[in-house]
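In this chain, numbering begins with 1 at the start of the sequence shown.
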Amino acid sequence: MGSIVDQKKLNTKDWDLEDKLISFEEFNDPYNGGYYKSHMRSLLEKRPDDYLNYALGDSEVTLKYLDFFMGNVIDVYNEELIENVHIPATVTSLADEISSHYSQEPYDSKTVKNIFQDIFRGIDVDKYLRPKLYNQEPPRDTREWVKVLSDAVDGSDNFEFQKLFIEKLKPYLARGTLAYKKSKKGYIYQKLIGSAPAKNQKGSPSILADRINFKKLYEDNPKFDVSNLINQKVKVSKPKFAISTKLRNQYADHAHQFNYTRNNVPPTIDNILTKLNNASIYSTVSWFNNKDVITWSPEIFLTTQLNFDQMRKGYNFIESSTVDKKHKKGSHDQFSVRPDSVYNDGFAMAREAYVGGMNLAFNPGIITSAFKYKYDIDLKSSYVDAGHLIPDFRLDCKPILDVHDLDSNILKNYRKHSQYFVNGAFTIGVANVSYHFPDNVKRVPVGYKPLIKDQGPIYVRQANHVNMTVTDIINIVEHGGTVRVHRIIIPEQKILDGHVACLAPIGKMQHWSLICRNEAKAKRDKFDSKSDEYRKYDALQLFYKLLGNGGYGKSAQGLGSGGTRDFLSGNTMYVPFSRNTNPFTAAQYTSIARYQVNALMDLVEQTYPNSLVPSLTTDGFIFCSNNLLNEEIIRQKCENYFDNRWVIVNKNNFGGQFFELKSHNHNQKYTEAALINIRTRFNMTEDNHIKALVGLQPNSWTTDRLIKLLEKDTVTFKVDDFRMQSINDMKHSIDNKRYVSMKTWKQTKWLNLSPDDTYQPIGFVPQSDFGYYLTRPFSSIEELMTYRKELKNYRSLFPSFRKKYAKQFMGLDQTVRDYHHGERIEKHVSWVKDDTYLKGKNYPEILENYKKEYVQKVMLRYLAQHSDEYDLKLIYNDLFQDRYKEFKSFNRALKRNKDQFINPLCVLRENIIDTLRTYRIQD
């Protein structure tokens with residue numbers, strides 16, 4: 001925040017050092033907050049002036065940032081994208097509010113027209129409107145009425161009286177008596193028919209008088225006194241209509257699409273007709289954005305009564321009588337949500353189809369000479385781009401397609417069936433499918449989230465009865481997979497044509513924020529990079545960038561299994577839904593990212609054969625090649641081969657760019673340095689061109705430091721994880737009557753420099769003393785989970801990328817096999833099943849078991865295999881006497897371990913052969 005408002009923050013560690021409260025090493029540690037930072041009371045007592053400067057400096061920065069932020073919020077309000085000026089909790093909450101504005105706009109004119117025609121088919125709607133004229137005379141007080149009517153229509157400044165007249169007599173005015181007008185300054189105001197055309201001119205009271213139902217007015221209010229209008233209490237009787245069964249039934253088909261009543265139910269046709277009758281007094285009305293007026297009609301009235309937001313979401317909320325301790329009463333969350341059981345029974349499927357970004361390490365290891373050039377290629381503005389490819393859709397009507405057991409040929413030839421797949425690969429929809437890939441498939445393009453607690457998406461060659469988006473199943477088909485569709489639901493949606501009107505609400509917000517960001521960047525670039533104006537517009541473009549990126553997360557808020565801590569009670573509760581939570585939208589964002597990143601990977605690999613993609617993250621991948629990459633050739637191929645909808649979006653909004661070459665170094669596009677690709681989202685190059693170190697503090701853990709660990713064959717190391725204490729933590733863990741400051745807490749954890757086994761290793765390519773693995777997708781979730789579980793403890797002990805270890809490792813039988821125990825069948829990795837048990841729930845336990853038990857058991861197996869080569873008696877006396885009381889017990893153990901599996905990794909690490917060399921029997 002300080003950099004945005006150009007104010008440097010005071011460093012309390014300077015005072016710590018002066019007062020000898022910390023060492024020089026602690027002062028230079030960026031993750032050591034120092035003493036005074038967490039002991040403000042001491043700072044106040046020992047350095048009152050410094051405390052005052054620090055506190056006021058913080059306040060000034062906060063107020064300056066608030067001024068910057070609120071200025072942007074006011075701009076958004078002036079665009080009439082939010083209803084009120086307020087301080088949003090976060091930028092993402094502001095993005096959510098703007099998206100909600102678009103969600104409440106009419107879906108399209110055709111939808112309203114169709115609903116209107118369905119309800120009033122064969123019905124004369126005019127009979128439910130007010131008459132155009134009453135042509136009645138007031139039964140009494142004629143003079144007073146003439147005066148009142150003249151005051152109401154004359155061109156004077158008595159606006160308060162005109163408002164009073166409308167307020168009191170509105171129920172008795174004829175059709176078209178009132179109109180909304182727009183002033184020269186752009187203000188919207190109401191005007192009575194017959195009013196003077198300009199100030200200080202006379203109106204036409206007789207025109208207004210013909211449009212008042214005097215008879216009904218005096219029937220309802222026999223003592224009505226027009227001369228004392230301000231004090232009159234007008235009683236209004238509801239109009240009575242003869243409503244046919246036909247009209248009631250036709251309305252019932254659409255009742256769920258209207259704004260619900262306070263009792264959370266659709267309004268009756270009686271209520272709607274009463275509102276229609278009352279609304280018919282207008283000839284023009286202000287429209288949704290309040291920037292203009294539009295001619296009133298029954299169809300326009302219907303538009304204001306329909307709940308377009310709920311049409312798009314397909315759900316409502318009901319406070320159930322049942323109890324869930326994680327549900328806060330009145331909260332809109334996964335407990336209280338009620339999807340439309342008629343038109344949105346795909347809600348649960350869509351929720352399960354939503355999985356996070358695609359993050360995989362295909363080739364863990366160290367890549368040096370095999371490939372000269374290493375690139376970090378990212379999709380251009382991935383989630384904002386995706387938002388421009390999500391069509392507006394509805395979940396309140398019959399879907400385009402809802403079938404069981406879809407003909408597989410229809411899916412294979414989806415482009416020829418545009419009546420279903422209306423937006424090609426970007427068609428919104430969900431399906432329950434089974435799929436499989438050939439055994440020789442190189443990569444699986446999509447994953448699914450199994451019903452296992454805290455388990456992320458998995459990428460395997462086959463799965464049965466899993467829920468996926470239509471985009472994902474098309475992605476499978478386009479990559480050689482076979483799909484069996486058990487059920488597919490494609491909701492009603494607009495056609496993507498490159499125009500903003502066809503986009504879903506969050507996409508419209510992202511488009512608006514993208515335009516604003518580009519405008520801010522254009523203004524910024526007119527100034528010197530060190531000037532105040534440059535900083536001002538740079539901060540502004542960053543604001544709009546964060547705004548656009550914040551939309552996707554809000555579409556998924558509350559869908560997961562995680563919770564949030566309630567500030568008042570401290571209990572963990574369900575995360576409430578946002579204004580725009582929608583599993584269809586959330587799932588589509590990540591599906592499009594997967595589709596696009598796979599398409600880009602395929603194209604780059606086809607352009608440069610014999611290359612390698614060792615790692616993939618949500619919106620980008622690392623590319624290794626012996627050819628220099630030509631950006632323009634790739635860009636042109638993207639334009640020629642990608643889906644035309646995608647091409648149009650990127651031409652219109654991103655300057656025709658589909659990707660960008662990223663680097664942590666300024667103006668660097670590739671590197672020739674070694675790539676250290678440990679596992680998913682943990683990779684780096686020696687020159688820091690690529691650097692993603694999830695789980696490590698980047699300033700504390702440098703590339704050089706990690707490389708030295710690898711060179712020393714260090715596998716597992718200790719990390720201090722720093723977390724800032726939240727306000728919730730402070731409230732519920734500390735006496736809030738005492739003054740405390742925000743503090744950080746430290747937690748020790750263990751990280752290892754080993755693969756995460758997202759794919760199965762099938763080969764190893766040496767690179768000097770190290771190298772990298774070749775892999776393939778696991779066959780099934782059972783294989784994947786078994787392999788990960790059984791390799792986990794070994795991964796914390798043995799150097800995976802050192803050539804001599806990798807050679808031994810790849811010589812082991814990595815197959816996951818079935819083992820029968822009576823009628824029970826268990827899966828195990830072949831060599832792990834044959835090995836002696838290496839136990840432990842965490843690294844310290846694993847290491848202790850390894851040293852005390854495991855190494856001796858492996859050595860015993862080795863001796864059993866080579867018993868005739870060693871002096872067993874001497875070995876027993878020196879190495880095994882503590883384990884076996886007698887030599888004969890040791891000898892029996894050797895016989896039991898004859899022909900047992902010997903872990904060569906342990907033999908190598910413990911140098912067992914050299915250790916036993918002195919016991920070898922001489923020939």
#### Entry: Counterpart residues, side chain to side chain contact (heavy atoms under 4.5 Å, CB included), relative to S625 (two or more places apart)
Y608, S611, F623, N627

### Message
Are V466 and V433 packed together at the side-chain level, in the sense that at least one heavy-atom pair is separated by less than 4.5 angstrom?
### Response
yes

### Message
Between D769 and K804, does the salt bridge (Lys or Arg N to Asp or Glu O under 4.0 Å) criterion hold? Intermediate values first, please.
### Response
CA-CA 8 Å; D769 291 334; K804 61 183 181 180; over 6 Å; no

### Query
Between Y773 and R679, is there a cation-pi geometry (under 6.0 Å to ring centre, at most 45° from the normal)?
no

### Donor-acceptor contact below 3.5 Å, side chain R883 vs main chain Q856
no

### Message
Run the side chain to side chain donor-acceptor pair (under 3.5 Å) test on D878 and Y919 for me, step by step, so that the C-alpha distance in whole Å, both residues' side-chain angles and the decisive distance to 0.1 Å come before the verdict.
### Response
CA-CA 10 Å; D878 289 352; Y919 303 98; 2.9 Å; yes

### Task
Name the orientation class of the two ring planes belonging to F901 and W831 (parallel below 30°, tilted from 30 to 60°, perpendicular beyond 60°).
tilted

## Note on the structure
In terms of heavy-atom contacts, F801 and N677 come closest through CZ-O, 4.4 Å

### Query
So, does R802 use its side chain to make a donor-acceptor pair with the main chain of E711 at under 3.5 Å?
yes

### Message
Taking atom OH as the centre, does Y641 end up with more than 12 heavy-atom neighbours from other residues, nucleotides or ligands that are less than 6.0 angstrom away?
### Response
no

### Message
Quick test of your reading of the model: are D756 and R788 salt-bridged, counting only N-O distances below 4.0 Å?
### Response
no

### Task
Mind listing the closest non-hydrogen atom pair of V485 and A431 along with its distance?
CG1-CB, 4.4 Å

## Note on the structure
Output for pair (Q668 CD, Y375 OH), nearest 0.5 Å, gives 11.0 Å

### Task
Take Y884 and L860 through the side chain to side chain contact (heavy atoms under 4.5 Å, CB included) test and state the conclusion after the steps.
CA-CA 12 Å; Y884 300 99; L860 189 70; 3.3 Å; yes

### T703-N688 side chain donor-acceptor pair, cut-off 3.5 Å
yes

### Task
For residues L710 and L753, determine if any side-chain heavy atom of one lies less than 4.5 Å from a side-chain heavy atom of the other.
yes

### Query
Between T775 and F362, is there a donor-acceptor pair closer than 3.5 Å when you use the side chain of the first and the backbone of the second?
yes

### Summary
On a heavy-atom basis, the closest approach of V858 and I902 is CG1-CG2, 4.2 Å

### Heavy atoms from other residues, nucleotides or ligands near CG of N610 exceed 12 (cutoff 6.0 Å)
no

### Query
Between D704 and T702, is any side-chain donor less than 3.5 angstrom from a side-chain acceptor?
no

### Task
List the steps, then state whether salt bridge (Lys or Arg N to Asp or Glu O under 4.0 Å) holds for R461 with E783.
CA-CA 10 Å; R461 298 200 305 272; E783 277 197 8; 5.4 Å; no

### Task
Quickly, which of D472, T471, T469 forms a side chain to side chain donor-acceptor pair (under 3.5 Å) with R594? Name it, please.
D472

### Query
For Y862 and L916, which heavy atoms make the closest approach, and how far apart are they?
CD2-CD1, 3.7 Å

### Task
Look only at the side chain of T716 and the backbone of S796, and say whether a donor-acceptor pair between them is shorter than 3.5 Å.
yes

### Task
Could you check whether the rings of H821 and H828 sit parallel, tilted or perpendicular, using 30° and 60° as the cut-offs?
perpendicular

### Flag side-chain contact, heavy atom, 4.5 Å: P777 against V460
no

### Query
If you count the non-hydrogen atoms of other residues, nucleotides and ligands that lie under 6.0 Å from CZ in R681, is the total more than 12?
no

### Query
Is a side-chain donor or acceptor of K374 paired with a backbone partner of A673 at a separation under 3.5 angstrom?
yes

### Task
Check whether any side-chain N or O of T590 sits under 3.5 Å from a backbone N or O of V355 as a donor-acceptor pair, and report yes or no.
yes

### Query
Is there a side-chain contact between N467 and Y448, using heavy atoms and a 4.5 Å cut-off?
no

### Message
Taking the side chain as everything from C-beta on, heavy atoms only, tell me whether M810 gets closer than 4.5 Å to P761.
### Response
yes

### Query
Quick one: does D619's side chain have a donor or acceptor within less than 3.5 Å of a partner on S382's backbone?
no

### Task
Please work out which of the three classes, parallel, tilted or perpendicular, describes the rings of Y772 and F371, given edges at 30° and 60°.
tilted

### Query
Are there more than 12 heavy atoms of other residues, nucleotides or ligands under 6.0 Å from atom NZ of K449?
no

### Message
With a 4.5 Å cut-off on side-chain heavy atoms, are Q865 and D899 touching?
### Response
yes

### Query
Hey, is the main chain of D687 close enough, under 3.5 Å, to the side chain of N665 for a donor-acceptor pair?
yes

### Message
A side-chain contact here means heavy atoms from C-beta on lying under 4.5 Å apart; do V765 and Q767 qualify?
### Response
yes

### Message
If only side-chain N and O atoms count, and only distance matters, is there a donor-acceptor pair under 3.5 Å linking D602 with H479?
### Response
yes

### Query
Is there a side-chain contact between L675 and I366 (heavy atoms, below 4.5 Å)?
no

### Polar contact flag, side-chain donor to acceptor under 3.5 angstrom, N903-Y854
yes

### Task
Decide whether Y843 and N752 meet the rule of one side-chain donor and one side-chain acceptor closer than 3.5 Å.
no

### Query
What distance separates I781 CD1 from Q455 CD, expressed to the nearest 0.5 Å?
6.5 Å

### Query
Can any side-chain N or O of R351 pair as donor or acceptor with the backbone N or O of L559 at less than 3.5 Å?
yes

### Query
Looking at I875 and L863, what are the two nearest heavy atoms and their distance?
CD1-CD2, 3.6 Å

### Message
Can a side-chain donor-acceptor contact be found between D713 and Y805 if the only test is distance below 3.5 angstrom?
### Response
no

### Query
Which pair of non-hydrogen atoms, one from T607 and one from L603, has the smallest distance, and what is that distance?
OG1-O, 2.7 Å

#### Entry: Parallel, tilted or perpendicular: ring planes of F437 versus Y435, cut at 30 and 60 degrees
perpendicular

### Message
I'd like to know if the side chain of Q814 reaches the main chain of F809, judged simply by a donor and an acceptor atom lying under 3.5 Å from each other, with no hydrogens or angles considered.
### Response
yes

### Query
Can you check side chain to side chain donor-acceptor pair (under 3.5 Å) on E478 and N598, steps first, answer last?
CA-CA 10 Å; E478 291 186 348; N598 275 290; over 6 Å; no

### Message
Tell me whether D882 at atom CG has more than 12 heavy atoms from other residues, nucleotides or ligands lying less than 6.0 Å away.
### Response
no

### Message
What verdict does the side chain to side chain donor-acceptor pair (under 3.5 Å) test give for E853 and Y837, after you've listed the backbone C-alpha separation in whole Å, the side-chain angles of each residue and the deciding distance to 0.1 Å?
### Response
CA-CA 9 Å; E853 300 286 336; Y837 183 44; over 6 Å; no

### Task
On the 0 to 90° scale, with breaks at 30° and 60°, tag the F798-Y794 ring pair as parallel, tilted or perpendicular.
parallel

### Task
Please work out which of the three classes, parallel, tilted or perpendicular, describes the rings of Y787 and F778, given edges at 30° and 60°.
tilted

### Task
Go through the steps to decide whether H820 and I825 satisfy the test side chain to side chain contact (heavy atoms under 4.5 Å, CB included), and finish with yes or no.
CA-CA 5 Å; H820 295 261; I825 300 176; 3.5 Å; yes

### Query
Rounded to the nearest 0.5 Å, how far does CG of D405 lie from NE2 of H486?
8.0 Å

